[in-house]
Amino acid sequence: MRRHHRHHEGYKHPHKKHRLKKKLLFRIFFTFMLTAVLIIGGLGWLVHSLKPDHGLSPVAEKNAIFYLSSLQQKLNSSLSEKGIEDLYKDLNLYARVEGFESLADQKNLPTFNEIEKEDEHYSPKVVLGKHHEYFFAELKGASPRTAWFVSAKEIPRGFAFPFVAVAGFIFLILIMSFLTIRWMMSPIKVLMTGVKRISMGDLKYRIKTRQGGEFQVLGEAFNNMADGLEKMVAAKEQLLRDVSHELRSPLTRVGVAVDLLKDEAIKGSIKDDLKKMEELVAEILESYRLREGASSLKKSSTDLTELVTHVVEDYKDSAPGVVLKNPEDVSIVIDPMQVERVLRNLLENAIKYAKPQSVPIVVTLIKEKDGCVLRVKDDGVGIAEKDLAHIFEPFYRADAARSPGKSGFGLGLAIAKTIVEAHGGHIFATSQLGQGAEFTIHLPFE
Ligand code: ADP
């Protein structure tokens with residue numbers, strides 16, 4: 001006994017679950033980022049704490065001494081203003097050389113005094129530091145005394161690099177976290193879909209379980225639960241069907257017996273009740289017959305426009321009246337008796353739940369590319385959002401429908417839905433309490 005999804009806007013649950021999922025996602029994301037920050041911070045701290053407190057590492061110091069001595073040798077091999085200038089050009093290095101300081105002064109390079117003050121005292125053999133825009137290095141005891149300079153402005157990439165790298169790294173971590181979390185969440189998503197489908201009434205839905213892991217166990221448990229639910233619902237439906245079936249003959253016998261009663265008043269009221277019971281039993285059995293599926297339909301090519309016009313005509317005089325607005329020509333293969341029954345049901349509801357001052361019910365028929373759309377719009381009491389989710393369920397009646405004069409079993413819409421879906425179509429309702437209701441049926445062309 002298949003129950004289909006509900007097509008209506010009052011259904012709220014998936015939305016709620018969605019919010020829950022996002023929360024979980026956020027938590028995992030947060031944990032992930034925190035872990036990443038802690039690991040990176042921890043590593044940074046480790047590297048930092050392993051570094052000698054003061055001075056250059058022995059390797060760096062050796063390299064610096066070697067490099068500075070080579071420079072000094074090169075300088076000494078042509079010790080002149082011209083030689084120094086060539087070095088400027090070749091290596092992009094500036095130098096202040098004792099005895100040849102006019103060039104350095106021209107360029108406003110820091111003086112020996114200034115660099116001595118700024119020396120960071122990393123090393124006993126090398127003077128290192130920064131004065132204004134210049135990084136400087138001097139090999140102690142070199143002759144002639146020479147200080148080498150690099151302008152910080154000439155190595156902008158050196159500064160930009162760490163910034164770009166850090167930003168890139170953070171971006172990479174973000175992307176990786178996002179992808180990993182999505183991957184982690186994917187089995188949960190599969191479960192969510194299952195929960196959603198089952199809660200929408202699709203009891204046949206089963207989730208695909210992956211081999212191995214916790215999620216297989218969970219998935220199997222979920223499917224077992226769905227099996228149980230399906231069996232339970234099927235058993236209840238079978239019970240209802242059997243009881244209805246068994247009630248038919250006793251009802252007929254009571255009917256015959258009642259005819260023998262003399263008191264006409266009592267006879268009339270019992271007969272009325274009997275008639276209602278018989279109708280109920282007939283509707284229940286009919287709804288099960290219809291649910292066996294499309295095979296029970298007696299389809300034929302039908303002029304739907306004519307059918308609708310004809311039915312609407314029948315209700316024209318019942319308050320608040322019915323109008324058919326600009327129906328389009330639709331010829332379609334359907335079971336005309338059943339579709340007529342659906343339309344009558346909708347119209348009878350719209351009349352039953354009309355307000356005293358309601359304007360006439362509006363019926364429209366529109367032809368579309370792949371089918372047709374039939375709408376019944378009333379301006380009656382309307383349906384509360386909490387009821388909208390259930391009105392297509394058998395025996396469901398909104399509170400307002402229980403008031404006197406609004407008799408019914410709550411089966412009409414359930415049967416309508418079964419009929420429409422047996423045609424491969426769908427039906428849904430939109431409404432607001434007190435604002436009328438609109439029922440929409442979509443029937444496909446074959
Ligand atoms: P009923 O026999 O109670 O009319 P239905 O299955 O036809 O059973 O409808 C189910 C419920 O949906 C009704 O009890 C009523 O609460 C609500 N309903 C259906 N049609 C309308 C409508 N046009 N306006 C307001 N409520 C409606």
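For ligands, and for the atoms within them, numbers begin at 1 and follow the listed sequence. We use all heavy atoms of the structure for the numbers below, so side chains are in, but hydrogens, waters and symmetry mates are not.
- For ligand 1 and Ala350, the ligand atoms under 4.0 Å from any heavy atom of the residue are 23 (N).
- Close contacts between ligand 1 and Leu413 involve ligand atoms 5 (P), 6 (O), 7 (O), 9 (O), 10 (C), 12 (O), 19 (C) [criterion: under 4.0 Å to a heavy atom].
- Distance alone, capped at 3.5 Å, is enough to place a donor-acceptor pair between the His423 side chain and the Asp335 backbone.
- Some N or O of Gly410 is nearer than 3.5 Å to an N or O of ligand 1, by distance alone.
- When the heavy atoms of Leu388, Ile361, Asp378, Asn349 are ranked by distance to atom 7 (O) of ligand 1, first place goes to Asn349.
- Note on Arg341 versus Glu286: salt bridge recorded, some NZ/NE/NH1/NH2 to OD/OE distance being below 4.0 Å.
- Using a 4.0 Å cut-off between charged side-chain N and carboxylate O, Arg206 and Glu230 make a salt bridge.
- Distances below 4.0 Å separate heavy atoms of Lys352 from the following atoms of ligand 1: 1 (P), 2 (O), 4 (O).
- Listed by number with element, the atoms of ligand 1 under 4.0 Å from a non-hydrogen atom of Ile383 are 25 (C), 26 (N), 27 (C).
- Without hydrogens or angle criteria, Asp202 side chain to Ile198 main chain gives no donor-acceptor distance under 3.5 Å.
- Between Gly412 and ligand 1, a contact under 3.5 Å exists for at least one N or O pair.
- Counting the atoms of ligand 1 from 1 in the order shown, those under 4.0 Å from a heavy atom of Ala398 are 14 (O), 16 (O).
- For ligand 1, the atoms sitting less than 4.0 Å from at least one non-hydrogen atom of Phe409 are 2 (O), numbered in the order shown with element in parentheses.
- Residues Glu114 and Lys117 are not paired through a salt bridge, judged by the lack of any N-O separation under 4.0 Å between the basic side chain and the carboxylate.
- One finds a salt bridge joining Glu313 and Lys316 here, because a Lys/Arg side-chain nitrogen approaches an Asp/Glu carboxylate oxygen to under 4.0 Å.
- You'll find the ring centres of Tyr94 and Tyr88 inside the 6.0 Å limit.
- Every heavy atom of Phe392 sits 4.0 Å or more from the atoms of ligand 1.
- Which parts of ligand 1 touch Asn345 is read off a 4.0 Å heavy-atom cut-off, strictly below it: atoms 7 (O).
- Using a 4.0 Å cut-off between charged side-chain N and carboxylate O, Lys417 and Glu421 make a salt bridge.
- Remark: ligand 1 atoms within the under-4.0 Å shell around heavy atoms of Tyr396 are 10 (C), 11 (C).
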